[in-house]
Amino acid sequence: MRGTAEQVSSSSARMILSAPLLARWRASVSRTASAMRAVHIAVASVALFIGVVASVVLVPDSRGAWGAGLAVLMVAIAAVDARRFIIPDELTAAALALGLVYAAVEDSEIWVQALAWSVLRGVVPAVAFLGVRAGYRRWRGREGIGLGDVKLAAVAGVWLDWQTIPIAIEIAAVAGLGAYLIMHLYFHRTVRPTTRLPFGLFLAPAIWIAWILDTTLLLYPSAASF
């Protein structure tokens with residue numbers, strides 16, 4: 001009886017502890033939905049479908065499922081940042097946790113070392129982004145990179161190898177510059193140095209694209225020669 005009571009008590013404690021977390025997740029989902037218009041929902045749905053299918057098709061082993069999970073989170077982050085200029089911590093935390101579990105599972109025989117390297121890769125780009133953030137603030141007197149982007153850089157490090165981390169950042173930077181040009185040339189919008197641009201909108205998909213490049217080159221090494 002005592003053991004049963006302890007088990008019930010422990011189960012109740014877990015339920016109580018998980019209730020606030022579930023509430024935060026429901027609130028995050030609600031904010032995501034409310035921040036998006038019908039056209040944005042349609043675009044995000046297409047991107048989500050492409051990301052999930054491409055992950056499973058291009059990476060046909062178990063890693064494809066992990067890539068599909070990454071695609072879901074990156075599309076969600078991009079969608080929210082595009083509308084609200086903010087990256088929800090819940091989505092970033094989920095991407096980090098999923099990436100760490102992925103690293104441990106994929107190298108299960110040396111999972112401690114795999115986790116350590118994954119954490120180190122996450123810290124390096126995050127610190128680099130923090131440095132850029134501090135330098136820009138001192139130079140221009142205002143924020144240039146949000147803390148959400150710093151945390152998203154950590155996600156890139158956790159999921160990607162050393163050689164593909166800069167590729168993701170370069171893809172995001174080129175896409176962002178392209179968006180500026182399109183806004184100016186085709187939509188005739190005045191673009192100033194102070195014009196806000198949601199960098200997470202570009203960095204999040206770039207992380208998934210770089211992961212696909214990294215993983216497919218591992219699966220098909222001959223592709224690297226082209």
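Each residue takes its place number in the sequence, starting with 1.
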Exercise. Consider only side-chain heavy atoms of I, L, V, M, F, W and Y, link residues closer than 4.5 Å, and tell whether L100 and V123 are in one cluster.
Key: yes

Side chain proximity check, D107 to Q113, heavy atoms < 4.5 angstrom: no

### Query
Any donor and acceptor pair, going by atom type alone, linking the side chain of T216 with main-chain N or O of L213 inside 3.5 Å?
yes

**Study point:** I167 reachable from V158 in the ILVMFWY side-chain graph, under 4.5 Å edges
**Key:** yes

Heavy-atom closest pair (F199 atom, A173 atom, distance to 0.1 Å) is CE1-N, 4.1 Å

_Does the plane of the ring in Y102 sit parallel, tilted or perpendicular to the ring in W159? Use 30° and 60° as the thresholds._
parallel

Is there a side-chain contact between L98 and W66, using heavy atoms and a 4.5 Å cut-off? yes

If only side-chain N and O atoms count, and only distance matters, is there a donor-acceptor pair under 3.5 Å linking W208 with S55?
yes

Review point. Linking I/L/V/M/F/W/Y whenever their side-chain heavy atoms sit closer than 4.5 Å, directly or via other members, would L48 and L73 fall into one cluster?
Key: no

Item to complete: Using a 4.5 Å cut-off on heavy atoms from C-beta on, say whether the side chain of D61 contacts that of V59.
Response: yes

When rounded to the nearest 0.5 Å, the distance separating CZ of R63 from CD1 of I212 is 10.5 Å

Interatomic distance, OG1@T215 vs CG@L58, rounded to 0.5 Å, equals 10.0 Å

Would you kindly confirm whether V132 and V127 end up in one hydrophobic cluster when ILVMFWY residues are joined by side chain heavy atoms under 4.5 Å apart? yes

Are the side chains of I87 and L147 in touch, meaning some heavy atoms are under 4.5 Å apart? no

Heavy-atom nearest pair, A210 first then A168, reads CB-CB, 3.8 Å

Starting from the C-alpha separation in whole Å, work towards a yes-or-no answer on side chain to side chain contact (heavy atoms under 4.5 Å, CB included) for V155 and M74. CA-CA 10 Å; V155 173; M74 295 302 100; 4.1 Å; yes

### Message
Between I165 and V119, is there shared hydrophobic-cluster membership here, with clusters defined by ILVMFWY side-chain heavy atoms closer than 4.5 Å?
### Response
yes

ask   = Quick one: are I207 and L152 in side-chain contact, heavy atoms under 4.5 Å?
value = yes

One should read off an interatomic distance between L130 CG and K151 NZ, to the nearest 0.5 angstrom, of 10.5 Å

Beyond-backbone contact of L177 with L181, side-chain heavy atoms, under 4.5 angstrom: no

Rounded to the nearest 0.5 angstrom, the OH-CD1 distance for Y136 and I145 is 9.5 Å

Sorted by chain and number, sequence neighbours left out, salt bridge (charged side-chain N to carboxylate O under 4.0 Å, His left out) with R133 holds for E143

Taking the side chain as every heavy atom from C-beta outward, state whether E106 and S62 have any atom pair closer than 4.5 Å. yes

- Task: For the pair T92 (side chain) and P88 (backbone), establish whether a donor and an acceptor sit closer than 3.5 Å, ignoring hydrogens and angles.
- Result: yes

* To do: Over 60° means perpendicular and under 30° means parallel, so classify the ring planes of W117 and W162, tilted if in between.
  => perpendicular

In this structure, CD1 of I50 is separated from OG of S45 (nearest 0.5 Å) by 11.0 Å

When every non-hydrogen atom of P125 is compared with those of A153, the smallest separation belongs to CG-O, 3.4 Å

Taken to the nearest 0.5 Å, the spacing of I169 CD1 from T164 OG1 works out to 10.0 Å

Between A206 and A172, the two heavy atoms sitting closest are CB-N, 3.9 Å

